[in-house]
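Report on one structure; see the data block that follows.
Heavy-atom basis, side chains included; hydrogens, waters and symmetry copies ignored. This chain uses plain numbering: 1 for the first residue, then up along the sequence. Only a predicted model underlies this, so the values are computations on that prediction, with no experimental measurement involved.
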Amino acid sequence: MASSSSALRTISFYSMKLANPKSLTHSPKNSLLPFKLRNPPPSSSLKLNSSFSLPQRSFTCKSQSSSSSETERSTKVQELNVYEINERDRGSPAFLKLSQKPVNSLGDLVPFSNKLYTGDLQKRIGITAGICVLIENKAEKKGDRYEAVYSFYFGDYGHIAVQGSYLTYEDTYLAVTGGSGVFEGAYGQVKLQQLIFPFKLFYTFYLKGIKEDLPNELLGKPVEPHPGVEPSPAAKACEPHATIANFTN
């Protein structure tokens, strides 16, 4: 019975082989493409779209003459002279002895506000306003060293801000840190000359960065600084012709 079954399987195998002799034939076409593509894409869709546009950017070029003109303006030095005079009518300066020591010591504060006059002493222009922090008492020089932060106010013209060492016993320079109005963009330095501490001081500003020339009424020929200088009677009385417009008081 087993041999009979084996014989039947052998006959069946050879029958299949004879019935379909091509079934085992290798077909390169069929091995490469065993299925047909349905709805193949049109050939035009395989083409690259070579037409494209770059984003446009606009730009401007400044002429060399314009650029050099702006540079000259920003570095041009303009000189301005003013007198600061304490007329003992503003309660200034105020001495705040935070150190609580008998001699001036580190940390003592001195707020102040004094009157400003043009360098020729013919016009009242405004005030100073600021504060000094005592850094060191110089007993051998009979004075003090302060760190000062204050402003010079010029009515409608604006203001100038300064900062730096304030020495009561010798001339010094402070940095100009900015300004407003016609002094917008100002930088540079200012020389402080102590005439009579703390009542009379003479300042010479060396200003850069200002867009326009300084107003003429601020630029009178300065009076030579010395302890005896006094503003004109008209300027001291704040008469209309002897003040700038809306001078700071």
| Where do Arg124 and Asn249 land on the side-chain hydrogen bond (donor to acceptor under 3.5 Å, both in side chains) test, with the steps shown first? | CA-CA 9 Å; Arg124 170 75 187 282; Asn249 191 11; 3.0 Å; yes
| field | Verdict with reasoning, Phe205 to Phe152, per ring-ring contact (aromatic ring centres under 6.0 Å, His included) | value | CA-CA 11 Å; Phe205 288 90; Phe152 296 73; 5.0 Å; yes
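For Pro198, the side-chain contact (heavy atoms from CB on, under 4.5 Å) criterion is met by Pro93, not counting sequence neighbours. When the side-chain contact (heavy atoms from CB on, under 4.5 Å) test is applied to Leu219, the partners found at least two apart in sequence or on another chain are Leu80, Leu214, Asn216. Checked against salt bridge (Lys or Arg N to Asp or Glu O under 4.0 Å), Glu147 has no partners two or more places apart in sequence or in another chain. Under the rule for a side chain to side chain donor-acceptor pair (under 3.5 Å), the partners of Tyr117 that lie at least two apart in sequence or sit in another chain are Glu87. Thr177 meets the side chain to side chain donor-acceptor pair (under 3.5 Å) test with no other residue; sequence neighbours excluded. Residues satisfying the side-chain contact (heavy atoms from CB on, under 4.5 Å) criterion with Asn114, sequence neighbours excluded, are Glu84, Asn86, Ser92, Phe112, Thr128. Here Ala148 pairs with Cys132, Tyr150, Tyr166, Leu174 under the side-chain contact (heavy atoms from CB on, under 4.5 Å) rule; sequence neighbours left out. Taking the side chain to side chain donor-acceptor pair (under 3.5 Å) definition, one finds that Asp171 meets it with nothing, sequence neighbours left out.
Pairs passing the salt bridge (charged side-chain N to carboxylate O under 4.0 Å, His left out) check and including a residue from residues 126-136, sequence neighbours excluded, read Glu136-Lys138. Applying the salt bridge (charged side-chain N to carboxylate O under 4.0 Å, His left out) definition to pairs two or more places apart or across chains, none involves residues 186-197. Residue pairs satisfying the side chain to side chain donor-acceptor pair (under 3.5 Å) criterion with at least one member in residues 103-112, sequence neighbours excluded, are listed as follows: Lys97-Asn104, Lys97-Asp108, Ser99-Asp108, Asn104-Asp144.
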Cut-off 3.5 Å, no hydrogens considered: what does the side-chain donor-acceptor table look like for residues 228-240, sequence neighbours left out?
unit_1	atom_1	unit_2	atom_2	d
Glu230	OE2	Lys200	NZ	3.0
Ser232	OG	Leu121	O	3.4
Ser232	OG	Ala235	N	3.2

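With a 6.0 Å radius and a threshold of 12 heavy atoms from other residues, nucleotides or ligands, Glu184 has its CD atom at or below the threshold.
In this structure, Tyr146 and Thr168 approach most closely via the heavy-atom pair CE1-CG2, 3.8 Å.
Under the 3.5 Å distance criterion, with hydrogens and angles disregarded, a donor-acceptor pair is assigned to the side chains of Ser113 and Arg90.
Between Phe154 and Phe183, the ring center distance clears the sub-6.0 Å criterion.
Tracing side-chain contacts under 4.5 Å through hydrophobic residues (I, L, V, M, F, W, Y), one reaches Tyr203 starting from Leu218; they form part of the same cluster. Hydrophobic clustering places Leu96 together with Val133 (ILVMFWY residues linked when any side-chain heavy atoms are closer than 4.5 Å, directly or through intermediates).
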